[in-house]
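Structure, as structure tokens:
Order of the sequence lines sets the chain letters (A, B, ...), proteins ahead of strands, with each chain counted from 1. Any value given below was found using the heavy atoms of this structure, including those in side chains, with hydrogens, waters and symmetry copies removed.
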Protein chains: 2
Amino acid sequence: MQHEPSPQPTSARERRVTLADVAAGCGLSRATVSLVLRGSPLVRAETRARVQAEIARQGYVYHRGAASLRRRGSNAVALVVNDLANPFFAEFAAGVDAALAEAGYVLLLGSTGESPDRQQAVLTSLAEHDPAAVILSPAEHSDPARLHRVLAARLPVLVFNRALDRADAAAGWDFLALDNRRGARLATEHLLARGHRAIAFFGGHRDSSSCDERRGGYREAMAAAGLAPDPAWLIECAPTRLEAARHAGALFVRDPAPTAAICYNDAVALGLMSGLSARGRQAGRDFAVVGFDDIPEAAVAMPPLSTVAVAPRECGIAAARLVLARVRGDAPQASRTLVVPAQLRVRASSFAVPVSEGIPA
Amino acid sequence: MQHEPSPQPTSARERRVTLADVAAGCGLSRATVSLVLRGSPLVRAETRARVQAEIARQGYVYHRGAASLRRRGSNAVALVVNDLANPFFAEFAAGVDAALAEAGYVLLLGSTGESPDRQQAVLTSLAEHDPAAVILSPAEHSDPARLHRVLAARLPVLVFNRALDRADAAAGWDFLALDNRRGARLATEHLLARGHRAIAFFGGHRDSSSCDERRGGYREAMAAAGLAPDPAWLIECAPTRLEAARHAGALFVRDPAPTAAICYNDAVALGLMSGLSARGRQAGRDFAVVGFDDIPEAAVAMPPLSTVAVAPRECGIAAARLVLARVRGDAPQASRTLVVPAQLRVRASSFAVPVSEGIPA
DNA sequence: CTGAAAGCGCTTACAG
DNA sequence: CTGAAAGCGCTTACAG
């Protein structure tokens, strides 16, 4: 509850040019100038022009803080992500920024580094700036109750990317979800169409919602093809390159070993590819690999990585638009869940035809 | 001069909890509560505790807009970059964000997409939020005069990455520069140490300040080794992968052809590597290549690309710190130019041994 | 250590 | 189409 960092308390700084100065400069009242500023049709063109000339002459800059205070409501939207340096979130943020700018809103940014405590601190700090809305990609293990404590009830909130632990706790909040299930299904169907039958799901932690959903899509596609995945084909590991490389061997411990794997994400897929070559197998030739995310490296890997893309920039734009609709009050009353479609990008890593199985479709 | 996007003008919203409510709640004056909020030592511990309990009870959230208005000075810092989706700027922004958060400041973000007009609009919009300072990576061909028009004279400004056209126009603004010259010098020295003598400078446009500086470092190192670069070794092309691949042939038109190239940046280097293999040469074996930037792809290219890194995240932290020092008034009066050191990352692409020349050092 | 009063720069009814 | 007045939520001397 400290609000320390005192902004430089104006020493001998020259006085700021205010709306009153502009009004005085053209012999009008502040009210009239205010109307001009906000584009009101109540002011006649000639007056408007005079005011605008005076604004330019004096170098007046609108003080949105004062305006927001009076009108109760700012034109800032807060965005909180886990890590800006993650290309997925960077693209997402770029999309949000673009859509907000277009609508005349401004972006307040914070990042959590996946720490619920930092998330709380960041949201508190941003909330003090009275944003018109909040877009939040929650840190892992976020406590919805804590989030509610810092996010006022009347503030429109859009949760992105990760569902909150207890869905009911997010009642009233919109949710923009990636279509993890469908993406994994598409990837699995692609491998099935290429003739694979023994397909593993490789990497990720089962208890993460995204991993769970992707596994769900995988199971769906397998079931639809009349296949029951061997439990040994579901291999957990931390979603990093290094861990994936280390666990590659786990694919080949049972005898009818899988000929292909859907990976939790691209980092895992790339790690798996190195792990495979360390074992004398080559992705795209001896073993088929599909990732998830379509990170920039996917296209330039050797071989290029087939993967599932979710257009993060478009997500960002969609998120901003949804939230602005809420701010303007022209969104339906009930909270919404929007699902962003996932698309398959076929590249060389999934071209392999399994040796022991039939001809690809 | 329109300020259209009216925030939802508070319909039947419940009234906001204010400092006055908290004061009333514990039978104190607003002044006292304000002192508690700002951590003043003037209030005794028992009173402070009472206030804090009441704050929690009522769910009061500090209204920084009102405070900033009264105190004249916000705790927001504006950051304007060309493109957030560019990993270099994303890392930079992440660094700025981290350093600001640590100091209790908040980040206002905008992006220009390299358009001076959008830059002007974005800065205008951000300036209306009365930031304590601005960190600006200027769009190409920015007009310093226009920038001055929208950025008040009393606002601390830090220019990053790209020098403004007329240096004198940026008088009073700090500048955080990449050490392009030293980076290119290091890269050139590295190739010289490996025995190369005929070293090209490949890609980029001469009239860009960064290209000019990198060429300067290259020339310096060559001169220090007693070498005069053949003008035919200075090859211009747009700094993209595709253009670089197209221009690869230009390296081999003269007879004592270069055995190595310093590239303007990593995109150019990667393009050159494809261009080389299209001509039956392989980077790292028949020809040595060094890039600039250390983009994530550099490490996973085939062969991995030797390059010059500038730690964008650390740049971001440094930029934020410098700017905060200005805000607090504890920076030296005169504007400063800080140069971020460049570091060489040696990888396989520069392993080639020059054929016609002696043994590498 | 605490209270009463003025004021930051804007907007908003309300009159005219 | 324009003006006088009140007020958004806070901080800051100034007294006590």
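- Between Val106(A) and Leu126(B) the shortest side-chain heavy-atom distance falls below 4.5 Å.
- Side chain of Arg72(A), nearest nucleotide from dT11(C), dC8(D), dT2(C): dC8(D).
- Positionally, the nearest nucleotide of DNA chain C for Leu35(B) lies more toward the 5' end than for the other of Leu35(B) and Ala66(A).
- Taking 4.0 angstrom as the limit, Thr32(B) places none of its side-chain polar atoms (N or O) nearer than this to OP1 or OP2 of dC1(C).
- Salt bridge Arg118(A)/Glu102(B): absent, no basic N to carboxylate O contact under 4.0 Å.
- Side chain of Val43(A), nearest nucleotide from dT2(D), dC1(C), dT11(C): dT2(D).
- Ranked by how close their nearest DNA chain C nucleotide is to the 5' end, Gly65(A) and Ala45(B) are led by Ala45(B).
- Looking at heavy-atom distances under 4.0 Å, Ala67(A) makes contact with sugar-phosphate atoms alone, never a base.
- Phosphate proximity of dG9(D) to Arg70(A): absent, as no side-chain N or O sits under 4.0 Å from OP1 or OP2.
- Residues satisfying the ring-ring contact (aromatic ring centres under 6.0 Å, His included) test with Phe160(B), not counting sequence neighbours, are Phe92(B).
- Between Arg146(B) and Asp117(B), at least one side-chain N (NZ, or NE/NH1/NH2) sits under 4.0 Å from a carboxylate O, which counts as a salt bridge.
- Both Leu69(A) and Ser29(A) lie close to DNA chain D; mapped to their nearest nucleotides by heavy-atom distance, the more 5′-ward contact belongs to Ser29(A).
- Residue Thr18(B) has its side chain nearest to dC10(D) when only dC10(C), dC10(D), dC1(D) are considered.
- Going from atom CZ of Arg64(B) over to atom P of dG9(C) covers 19 Å, rounded to whole Å.
- Summarising the base pairing, dT2(C) is matched to dA15(D) through a Watson-Crick or G-U wobble pair whose two defining distances lie under 3.5 Å.
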